[in-house]
Structure formats: C-alpha cells, structure tokens
Amino acid sequence: NAGVTQTPKFQVLKTGQSMTLQCAQDMNHEYMSWYRQDPGMGLRLIHYSVGAGITDQGEVPNGYNVSRSTTEDFPLRLLSAAPSQTSVYFCATRPGQGVGNTIYFGEGSWLTVV
Amino acid sequence: GQNIDQPTEMTATEGAIVQINCTYQTSGFNGLFWYQQHAGEAPTFLSYNVLDGLEEKGRFSSFLSRSKGYSYLLLKELQMKDSASYLCAVAGYQKVTFGIGTKLQVIP
C-alpha cells in the first residue's frame, strides 16, 4: 500500500519555467489538497479537490493550476516559476467529509526557483 | 475563514510534561487535528478531536473546547525524540487550515 506518492522530491527550476508536481493516492480518498510550507508561515493551502472533476482555490492559489480528472491523481502545475515559489510542497489526502478524518501527507517536494 | 494561533516556540526538559495551546476562530468547524513534524519530514498524525473533552493516546493527549475555540496537546514523559514542530489544524466544511506550528525543543 503506497499511500500518497509525490514526485519529484527535489527540483531546481529557472525563473519562467513551468513544471508539474505529481501526486497519486491509492486509498480512494475523495479529498486531496496541495500545501506549501515556508519558514514562519506554516502550511498554506494552495488548491484542493473534494472529488474527481471538482477543484477550488485555497489561500495562496496564484501562479498554480490544478486538475482532478481521476480520484487517484491531483497534479499541481507551476505555470511560470518565480523565486517566490521556492518552497516545500506537500500533497495531502483524506477520506472525505465525516468519513474518518486522518490527513495523509506525501513525503514533500523541495522546489528551488533560481 | 479560519484564524489559528499557537505559540511559535517552546522549550521543555526531558521527562517533564508540556502543554501546547491552540486557539482558533472559524466560520465552520468539523474537527481539530494535531500533527507532529520533524525537520525535513512530512507531518504525521497525532490526534483528531471533534467533540469536547480529553482524548488520551499513550504519552500524548489532546483536549478540545468548542465553545472557547481552544485546544491543547499534552505531552508527558518527554523524550529527546519529541523535539519537533507541532501543528494545530482546523477542519472546516471542506478545507483544513493549519496554524504556523509550535517548535518544541526538549533539553536534557
């Protein structure tokens, strides 16, 4: 049981480049989210999804795009990378509203934009 | 929206008890989480409270008062490996919002 698989673990991008962070889960969870974590800021919600075909913005969505075509996958796209997007990114899943409430995290992706 | 407050840093002695407080203001409440996060790692689940009261799990206990918008995490018999950040998070209708985390340093 892989749980939440997040790739890549480390990435260096040049300003203006685009890339996709992948997140896959095999637990059939409805809810999936992307957070970024910066020193002194805690985990901040970028985008989230409550099911296939449904996505919504979190606290810091600008510069990021998501889609949820299947229950299993929730990729995060950086459209034109900026140094301000240097951060650690975590994908998180949970079963759904009122259905067991543990949040499962991927191992994280360390992104540096130069 | 959600507003979550917790202390930024705490220091405690090995073998002692420490209480980490979390206060929140929310427009919708569906439970409160506590997570532990060691440096360079992903957060790991400690507890989830949806009803008022104390829930005990080994050395860790978590308390919730919904009317006061208040929770605490109690760590007993502190060990050096408990040095980590402790994240308080509130589940709203669909989103989960995290506090900035409390960095706990356990000293000998």
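What you see below is based on every heavy atom in this structure, not just the backbone, and it leaves out hydrogens, waters and symmetry mates. The chains referred to below are lettered A, B, ... by the order of the sequence lines, with proteins before strands, and numbering in each begins at 1.
Shown here is K68(B), whose NZ atom has no more than 12 heavy atoms of other residues, nucleotides or ligands within 6.0 Å. Other residues, nucleotides and ligands contribute more than 12 heavy atoms inside 6.0 Å of the CD atom of Q19(B). Counting heavy-atom neighbours within 6.0 Å of E14(B) CD, excluding the residue itself, gives a total above 12.
Cluster membership check: V60(A) does not share its hydrophobic cluster with V88(A), using side-chain heavy-atom separations under 4.5 Å among Ile, Leu, Val, Met, Phe, Trp and Tyr. Connection of V113(A) to Y64(A) is established within a shared hydrophobic cluster, with ILVMFWY side chains joined at heavy-atom distances below 4.5 Å, either directly or through further cluster members. Under a hydrophobic clustering in which Ile, Leu, Val, Met, Phe, Trp and Tyr are joined whenever their side-chain heavy atoms come within less than 4.5 Å, directly or via other members, V18(B) and L73(B) fall into the same cluster. Criterion: ILVMFWY side-chain heavy atoms under 4.5 Å apart, direct or through other members. Under it, L76(A) and M19(A) are part of a common hydrophobic cluster. Follow the hydrophobic side-chain contacts under 4.5 Å out from F63(B) and you never reach V90(B); the two are in separate clusters.
Note: I103(A) leads I103(A), V50(A), L45(A) in heavy-atom pairs under 4.5 Å with chain B. The candidate from G101(B), G31(B), A91(B), A42(B) with the greatest count of non-hydrogen atom pairs under 4.5 Å with chain A is A42(B). Ranked by heavy-atom pairs under 4.5 Å with chain A, the first of V96(B), L87(B), T44(B), I4(B) is V96(B).
In this structure, D38(A) CG and I100(B) CD1 are separated by 12.5 Å, a value rounded to the nearest 0.5 Å. Note: Q37(B) CD to Q37(A) CD = 4.0 Å, rounded to the nearest 0.5 Å. In this structure, the separation between CE on M41(A) and CZ on F98(B) is 15.5 Å, given to the nearest 0.5 Å. In this structure, the separation between CD1 on I54(A) and CD on Q94(B) is 8.0 Å, given to the nearest 0.5 Å. To the nearest 0.5 Å, the span separating CD on E59(A) from OG1 on T97(B) amounts to 7.0 Å.
Neither the backbone nor the side chain of V50(B) comes within less than 4.5 Å of any heavy atom in chain A. If you measure heavy-atom distances from Q6(A) to chain B, you find no contacts under 4.5 Å at all. Both the backbone and the side chain of L43(A) have a heavy atom closer than 4.5 Å to some heavy atom of chain B.
Shortest non-hydrogen contact noted between Y31(A) and Y93(B) is OH-O, 4.1 Å. In terms of heavy-atom proximity, F90(A) sits nearest to P43(B) at CE2-CD, 4.1 Å.
Side-chain rings of Y104(A) and F45(B) stay apart, their centers remaining 6.0 Å or farther from each other.
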